[in-house]
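Encoded as structure tokens, the structure appears first; notes follow it.
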Amino acid sequence: VSSRSAQERFFAEARAAAIDAYRRGAREPDLLAALGRAELAVGETDRARHFLEAAFTGGTTDPRADVALARLRLAE
């Protein structure tokens with residue numbers, strides 16, 4: 001098994017776990033930021049924007065999420 005496929009599998013599992021937490025009601029800003037960045041990584045820009053906006057409003061401590069949101073806003 002290549003390390004790339006192992007990384008892809010790990011990313012998919014982590015993304016699924018974060019989505020599960022969200023579906024169970026978790027709304028911590030840093031979780032939303034992670035979800036937004038994960039959705040962006042797989043090309044789901046609308047979903048990414050939703051999560052990143054909520055993370056920003058909630059006061060995320062993840063500066064990468066703020067940058068990702070700024071880039072999405074600038075792309076409009």
Should we say atom CG of D46 is surrounded by more than 12 heavy atoms from elsewhere, each under 6.0 Å from it? no
Within the supplied structure, the quantity of interest is the number of heavy atoms (other residues, nucleotides, ligands) at a distance under 6.0 Å from R71 CZ; does it exceed 12? no
Please give the remaining members of the hydrophobic cluster of V42, linking ILVMFWY side chains under 4.5 Å, ordered by chain and number.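 Its cluster partners, ordered by chain and number, are F11.
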Which residues end up grouped with L32 if you chain together Ile, Leu, Val, Met, Phe, Trp and Tyr wherever their side-chain heavy atoms are less than 4.5 Å apart?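 Result for L32 is I19, Y22, L31, L35, F51.
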What are the two closest heavy atoms between [X] and [Y], and how far apart are they?
X   : Y   : answer
P29 : A55 : O-CB, 3.4 Å
R37 : L52 : N-CD2, 4.1 Å
A48 : G36 : CB-O, 3.3 Å

Pair R15 + E44: basic N to acidic O under 4.0 Å: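 No, this pair does not count.
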About how many Å separate CG of D62 and CG of D30, when rounded to the nearest 0.5 Å? 6.5 Å
Spatial distance of atom CZ (R9) from atom CD (Q7) [nearest 0.5 Å]: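 Interatomic distance, R9 CZ to Q7 CD, rounded to 0.5 Å: 10.5 Å.
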Using modelled atom types only, decide if a donor and an acceptor are shared between the side chain of T60 and the backbone of F56 within a distance under 3.5 Å.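 Side chain of T60 to backbone of F56: no pair is present.
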